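What you see below is based on every heavy atom in this structure, not just the backbone, and it leaves out hydrogens, waters and symmetry mates. The structure presented is a predicted model; accordingly, all values stated were derived computationally and were not measured. Every number for a ligand or one of its atoms is a count from 1 in the order of the listing.
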Amino acid sequence: MLTNVVGRIFLLKNFRFSQNLNSNINPNLSLLRKWRNSANTVFSRRISLEAKKADQDGFVPFLEMMRCRRSEASKSVLVQVQSAQSYKELHSYCSTFGTVNNIFHYTAGGEQLHFLIVEFSKESEVQQLLTYSSHVNDFEGIPVQTNFLWFKASGRKSKLKQSKSIKLDIENGNCIPKEEDIREALRSCNNISEQISTLHNITTLNEVATRLRFLTARQVEMCLLGLFPNAIAYPFGSSVNGFGKMGCDLDLVLRLAGDKISGESRLVFHSKALNGYDRSISQRHMEVMGDLLQFFLPGCTQIRKILQARVPIIKYYQQLTDVECDLSMSNMSGVCMSDLLYMFGSIDERVRPLVFTIRKWAKEVGLTNSSPGRWITNFSMTLLVLAFLQQPDNCPPILPTFNTLIKNAGSKDKFVTEDGINCTFLRDIEKLKYKTTNTDNLESLLKQFCEFYSSFDFSTKAVCLNEAVSITKPEHSPLYIVNPLERGLNVSKNVSLEELEKFKYELRNATWILESQEKKTSNWGILEMFESKRKVYPSNSVIPSKQGRLMEVSKLFDDTEQTQESVIIKNENVEKEIQQIRTDTNQRIRNIGNNIRKVSRQKSRR
Ligand code: GTP
Ligand code: MG
């Protein structure tokens with residue numbers, strides 16, 4: 001049960017897609033077979049990162065995983081080709097520069113454009129290939145040299161010897177699963193626990209999508225190579241923390257000096273002086289970076305500079321890798337946070353499937369939204385799940401507290417960001433002196449999660465991963481989730497009271513659905529949960545709340561002004577906020593009400 005999934009992912013050296021696909025999956029699911037054939041499952045991730053990993057059967061710590069993935073990217077190029085079949089010719093061509101380890105195929109631009117990722121055995125071989133490659137005419141394009149190229153037709157019959165034994169490692173490896181296919185797979189599961197793990201298996205970020213994210217980061221580094229040869233663009237967030245699904249965005253933090261800071265050398269580079277942190281200067285730097293991406297880097301489009309934000313970012317779309325990117329130049333705390341989430345996700349194999357299902361549910365019922373707002377973010381939702389799994393009420397808890405990870409830290413785990421955030425915690429779960437004996441299945445955990453938070457006293461308590469007890473809220477934000485790395489900060493400060501109420505309401509709906517599964521209709525189990533906003537509930541259902549807020553569920557969907565009046569708020573501190581949300585959400589509530597009535601009418605006709 002507690003086998004380390006992440007570790008296993010990296011084991012099989014030169015794994016061929018046709019082999020060994022049956023280890024982890026319900027063999028009855030024809031749909032999942034289809035996924036296997038299109039190389040878009042978690043199984044396609046089981047390609048070794050490096051030969052040396054092949055004989056290790058254990059956990060790969062986050063920083064080691066990052067190092068291997070970055071190294072893989074620096075040994076790879078991305079080449080646009082005419083079709084998947086071009087791999088034979090490209091393989092022959094590339095073999096003149098070195099040993100080709102892997103070739104992966106994927107499409108972009110609505111499957112119109114074909115690309116191959118060619119991985120060599122050494123970075124120097126990529127260097128040779130790049131040195132030999134040419135630019136288009138100066139008037140036609142900016143002659144930058146990055147890892148993104150295209151393969152010119154030879155014009156005459158290629159004389160290159162093509163080995164028949166060469167095979168594509170993965171074909172069409174970056175397909176985002178279609179919603180209908182996901183649903184079909186979930187419908188054919190035998191129980192809710194199986195649905196939860198199936199959802200995780202078919203939506204989790206796969207091998208090609210992961211490589212594309214590291215190649216996208218590598219392109220940014222290569223663009224700066226002349227001035228900043230040590231620059232590192234670190235991927236963080238869901239692309240690397242184990243909670244990423246296919247199509248997730250790529251969060252990048254650019255460190256111009258890389259890890260070459262305060263080295264042993266007595267010779268230190270002269271540099272322009274920076275007097276501490278000057279916000280306007282760092283905004284200018286970001287602006288220059290945005291211009292570089294916009295005017296020089298192939299594939300970078302839709303550049304948006306968001307410089308006034310607390311952490312200024314450049315948003316862009318890399319169309320050659322089909323990745324939405326958020327580039328910042330802030331500190332390393334985001335990377336450390338990803339390390340922490342990666343750790344928690346690796347401690348027990350139930351964590352990631354549960355987080356995937358809860359994040360998907362939150363999206364489907366409108367609790368989360370990809371644009372920023374007053375709603376709960378995916379990141380906050382993940383922390384809520386992790387905090388729940390630490391609760392002593394789950395007898396015994398599945399996850400250790402963050403303080404346990406801090407106490408177990410060794411000398412190699414010490415890390416303090418340049419602005420003083422202490423990110424020291426145990427990085428190797430094999431050294432963790434904690435093993436749970438909890439054997440609850442995923443279905444049971446999902447129900448417990450919904451029950452736990454629907455009765456959580458959000459009005460006075462904060463959710464905290466540092467210890468397994470809920471602590472008193474230090475201020476009045478409706479939802480308070482302590483940032484584990486910076487305890488004085490609330491990661492869910494943006495969440496409004498209305499969104500919190502909606503969360504609690506949806507939790508009760510979900511509990512109701514999970515408890516009342518009588519017979520398997522077409523959309524049963526978590527599928528029914530995802531559709532909860534279209535369900536009709538007993539009209540006298542009431543959401544009780546410990547802080548004296550009462551909400552009649554039936555009235556929530558009433559299409560009149562009175563609806564708003566039925567929300568009885570006794571807490572005077574939140575009156576102002578409620579006033580605001582009335583305006584903001586009137587339309588939203590009306591829409592939900594309309595949907596519910598529509599479904600209700602359809603049902604009564606039946
Ligand atoms: P996706 O929705 O799949 O992108 O999930 P994500 O975890 O990548 O979330 P997002 O892109 O919004 O944020 C990227 C990372 O930034 C997160 O994983 C966190 O490490 C960090 N982050 C996001 N929001 C906050 C916040 O409010 N406070 C802090 N300290 N870190 C945050
Ligand atoms: Mg993200």
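Side chain of Arg508 to main chain of Glu451: no donor-acceptor pair is present (N/O by atom type, distance under 3.5 Å, no hydrogens or angles). For the pair Lys473 (side chain) and Ser477 (backbone), a donor-acceptor distance under 3.5 Å is present.
A salt bridge is defined here as a Lys NZ or Arg NE, NH1 or NH2 lying under 4.0 Å from an Asp or Glu carboxylate O, and Glu418 with Arg255 meets this definition. The residues Arg213 and Glu324 are annotated as not salt-bridged, no charged nitrogen and carboxylate oxygen being separated by less than 4.0 angstrom. Using a 4.0 Å cut-off between charged side-chain N and carboxylate O, Arg183 and Glu364 make a salt bridge. The pair Arg427-Asp413 does not meet the salt-bridge criterion, since no charged nitrogen lies less than 4.0 angstrom from a carboxylate oxygen. Using a cutoff of 4.0 Å between basic side-chain nitrogens and carboxylate oxygens, Arg374 and Glu498 are not scored as salt-bridged. Using a cut-off of 4.0 Å between Lys/Arg side-chain N and Asp/Glu carboxylate O, Arg187 and Glu180 are scored as salt-bridged.
Remark: ligand 1 atoms within the under-4.0 Å shell around heavy atoms of Met337 are 20 (O). Close approach to Gly334 involves these atoms of ligand 1, each under 4.0 Å from a residue heavy atom: 20 (O). Each of the following atoms of ligand 1 lies closer than 4.0 Å to a heavy atom of Val491: 27 (O), 28 (N). The Gly237 neighbourhood of ligand 1 comprises atoms 8 (O), 14 (C), 15 (C), 18 (O), with distances under 4.0 Å to a heavy atom of that residue. Heavy-atom proximity to Arg359, at under 4.0 Å, picks out these atoms of ligand 1: 1 (P), 2 (O), 3 (O), 5 (O).
Residue contacts with ligand 1 for Phe236 involve side-chain atoms from C-beta outward but no N, CA, C or O (heavy atoms, distance under 4.0 Å).
Between the side chains of Thr321 and Thr216, at least one donor N or O lies within less than 3.5 Å of an accepting N or O. Under 3.5 Å, the side chains of Asn403 and Thr401 contain no donor-acceptor pair of N or O atoms. Side-chain contact of Glu531 with Asn523: a donor-acceptor pair under 3.5 Å is present, judged by distance alone.
Shortest contact from atom 2 (O) of ligand 1 to any protein heavy atom: Asn378 ND2, 2.9 Å. The closest protein non-hydrogen atom to atom 30 (N) of ligand 1 is Asn483 ND2, 2.9 Å. Scanning the protein for heavy atoms near atom 4 (O) of ligand 1, the closest one is Asp249 OD1, 2.8 Å. Of the protein's non-hydrogen atoms, Phe379 CB, 4.3 Å is the one closest to atom 9 (O) of ligand 1.
For atom 12 (O) of ligand 1, no protein heavy-atom neighbour is present inside the 4.0 Å cut-off.
Looking at Tyr342, Phe344, Phe425 one by one, the single match for ring pair (Phe, Tyr, Trp, His ring centres under 6.0 Å) with Phe62 turns out to be Tyr342.
Asp249 meets the salt bridge (charged side-chain N to carboxylate O under 4.0 Å, His left out) test with no other residue; sequence neighbours excluded.
Ligand 1 has no N or O atom lying under 3.5 Å from any N or O atom of Glu486, backbone or side chain. The shortest N or O to N or O distance between Ser238 and ligand 1 is below 3.5 Å.
For the Mg ion (ligand 2), the neighbouring protein N/O/S atoms at less than 2.8 Å, given as residue and atom, are Asp249 OD1, Asp251 OD2.
Look at Asp251 and you'll find a heavy atom under 4.0 Å from some atom of ligand 1.
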